[in-house]
Colleague: 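Questions regarding the structure given below will be posed in turn.
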Amino acid sequence: MTTTNNNNKRIDSTKQYINSLQDNYSKINVVRVDLGYKKPYSSEITLDEATNDLNHMMKNKRGKPMIFKDNIGYVIKKEFTLDRGVHIHGLFIYDGQKVEKDAFKGDQIGTYWAKEITKGKGSYHNCNRNKYEENGIGMIDHKDSDKRKILDEKVISYLCKDEQDVGALKQNQKERAFTRGIMPKSKGNKGRPRG
């Protein structure tokens, strides 16, 4: 299978994943945080170490309700560049009826990564603090097809691209550069308040 086919499959399955979240929630709040490491650690951290840090954070979600309560999904892409080393692009998706402050939530995730998970070696960039001309992150109402289109065409397609993939660094064939949450079961209209 070619890289383009892999990209297209990844994009399509991620769009379906977001669709299923929007089927269950009238508003989703999309928080995009890039997680990495400060210099000089960035040139020393291995893919396995970064994966362990990420797994530690994701397993701790239940124990950090101030940060992860009402988190309904995620999309994660690990990358490697010579300048930044191994780094992680993350979309953390929240129930928009319960979480309104996307930039604040991005700071919470980033600070937790930088200070607690990586013991001060980590760094982060909260994309929800940027002013994008075409903004596909933050609060997205189920009726906002324009913002959802930007999420699909700009944000998701960027996260799903194969360049800078960690494939060349992989020691373990089970290691995945791209992951997302489990497709939720439909709640029908019962789980989706409109307001």
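What you see below is based on every heavy atom in this structure, not just the backbone, and it leaves out hydrogens, waters and symmetry mates.
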Colleague: Inspect the surroundings of NZ in K101 and state if more than 12 heavy atoms from other residues, nucleotides or ligands are less than 6.0 Å away.
Modeller: no
Colleague: Determine whether a donor-acceptor pair (N or O, by modelled atom type, separation under 3.5 Å) exists between the side chain of S43 and the backbone of P40.
Modeller: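 Judged by distance alone, yes, a pair lies under 3.5 Å.
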Colleague: What's the separation between atom CD in E79 and atom CG in L47, rounded to the nearest 0.5 Å?
Modeller: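 So the gap between those two atoms works out to 12.0 Å.
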Colleague: Apply the test side-chain contact (heavy atoms from CB on, under 4.5 Å) to residues N135 and I137: give CA-CA distance (whole Å), side-chain angles for both, the deciding distance (0.1 Å), then the verdict.
Modeller: CA-CA 6 Å; N135 189 2; I137 57 177; 3.1 Å; yes
Colleague: K77 vs R10, test: side-chain contact (heavy atoms from CB on, under 4.5 Å). Steps then yes/no.
Modeller: CA-CA 11 Å; K77 172 73 185 292; R10 200 182 276 175; 4.0 Å; yes
Colleague: Side-chain contact test, heavy atoms from C-beta onward, threshold under 4.5 Å: evaluate it for K154 versus E134 and give yes or no.
Modeller: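 Yes, close enough: below the 4.5 Å cut-off.
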Colleague: Looking at every non-hydrogen atom in both residues, tell me the closest pair between S42 and R84 and how far apart they are.
Modeller: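 Shortest heavy-atom separation between S42 and R84 comes out as CB-O, 3.5 Å.
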Colleague: On a heavy-atom basis, which atom in Y37 and which in V86 lie closest, and how many Å separate them?
Modeller: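 Scanning both residues, the minimum pair turns out to be CD1-O, 3.7 Å.
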Colleague: Is any side-chain N of the basic residue among K27 and D95 closer than 4.0 Å to the acidic one's carboxylate O?
Modeller: no
Colleague: Kindly indicate whether a cation-pi arrangement holds for K161 with Y158, taking the cut-offs as under 6.0 Å to the six-membered ring centre and within 45° of the axis.
Modeller: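 Output yes; distance and angle both within limits.
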Colleague: Which atoms form the tightest heavy-atom contact between M66 and K105, and what is the distance?
Modeller: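 So the minimum-distance heavy-atom pair works out to O-NZ, 3.0 Å.
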Colleague: Crowded around K61 NZ? As in, over 12 foreign heavy atoms under 6.0 Å?
Modeller: yes
Colleague: Between atom CD1 of I93 and atom CG of D70, what is the distance when rounded to the nearest 0.5 Å?
Modeller: 14.0 Å
Colleague: Would L54 and Y41 show up in the same hydrophobic cluster when neighbours are defined by side-chain heavy atoms closer than 4.5 Å?
Modeller: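 L54 clusters together with Y41.
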Colleague: I'd like to know if K147 pairs up with D152 as an ion pair, taking the criterion as any Lys NZ or Arg NE/NH1/NH2 lying under 4.0 Å from an Asp or Glu carboxylate oxygen.
Modeller: no
Colleague: Only one of M57, H89, H125 clears side-chain contact (heavy atoms from CB on, under 4.5 Å) with L35; which?
Modeller: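 The passing option is M57.
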Colleague: Would you compute the distance between atom CG of L21 and atom CE of M183 and round it to the nearest 0.5 angstrom?
Modeller: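 Rounded to the nearest 0.5 Å, the CG-CE separation comes out at 8.5 Å.
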Colleague: Give, for atom CG of D53 and atom OG1 of T118, the distance between the pair rounded to the nearest 0.5 Å.
Modeller: 6.5 Å
Colleague: So do M58 and N55 actually touch side chain to side chain, heavy atoms under 4.5 Å?
Modeller: no
Colleague: With clusters defined by side-chain heavy atoms of hydrophobic residues (ILVMFWY) lying less than 4.5 Å apart, directly or transitively, does I18 cluster with Y74?
Modeller: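 No, no single cluster joins them.
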Colleague: Please answer: with hydrophobic residues joined when any side-chain heavy atoms are less than 4.5 Å apart, are W113 and V99 in the same cluster?
Modeller: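 In one cluster: yes.
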Colleague: Got a second to check how far S123's OG is from K39's NZ, nearest 0.5 Å?
Modeller: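 So the OG of S123 and the NZ of K39 are separated by 9.5 Å.
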Colleague: When clusters are formed by joining ILVMFWY residues with side-chain heavy atoms under 4.5 Å apart, either directly or through shared neighbours, do Y132 and M139 land in the same one?
Modeller: no
Colleague: Ring-plane angle category for F68 and Y112, please: parallel below 30°, perpendicular beyond 60°, tilted otherwise.
Modeller: perpendicular
Colleague: One pair to check against side-chain contact (heavy atoms from CB on, under 4.5 Å): Y124 and D107. What are the steps and the verdict?
Modeller: CA-CA 9 Å; Y124 73 94; D107 288 338; 3.6 Å; yes
Colleague: Please round to the nearest 0.5 Å and tell me the distance separating atom CD1 of I182 and atom OG of S20.
Modeller: 11.5 Å
Colleague: Would a hydrophobic clustering, with Ile, Leu, Val, Met, Phe, Trp and Tyr connected at side-chain separations under 4.5 Å, put I150 with I28?
Modeller: no
Colleague: The test is side-chain contact (heavy atoms from CB on, under 4.5 Å); show your working for I72 and Y94 and say whether it passes.
Modeller: CA-CA 5 Å; I72 57 172; Y94 289 84; 5.6 Å; no
Colleague: What are the two closest non-hydrogen atoms of N128 and G138, and how far apart are they?
Modeller: ND2-N, 3.6 Å
Colleague: If you compare all heavy atoms of L91 against all heavy atoms of L159, which two are closest, and at what distance to 0.1 Å?
Modeller: CG-CD1, 3.5 Å
Colleague: With ring centroids as reference points, do H87 and F80 lie under 6.0 angstrom apart?
Modeller: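 No, the ring of H87 stays outside the 6.0 Å limit from the ring of F80, centre to centre.
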Colleague: Above 12 or not: heavy atoms from other molecules or residues under 6.0 Å from CD of E116?
Modeller: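 Correct, the count exceeds 12.
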Colleague: Walk me through whether H56 and N52 qualify under side chain to side chain donor-acceptor pair (under 3.5 Å).
Modeller: CA-CA 6 Å; H56 181 199; N52 287 340; over 6 Å; no
Colleague: Please determine if K78 forms a cation-pi arrangement with F178, meaning its NZ or CZ atom is less than 6.0 Å from the six-membered ring centre and no more than 45° off the ring axis.
Modeller: no
Colleague: Answer yes or no: is there an ion pair linking D34 with R32, defined by an N-O contact shorter than 4.0 Å?
Modeller: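 Result for this pair is yes, salt bridge flagged.
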Colleague: Could you check V155, T179, T14 and say which one makes a side-chain contact (heavy atoms from CB on, under 4.5 Å) with V75?
Modeller: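 With V75 as partner, side-chain contact (heavy atoms from CB on, under 4.5 Å) holds for just one option, T14.
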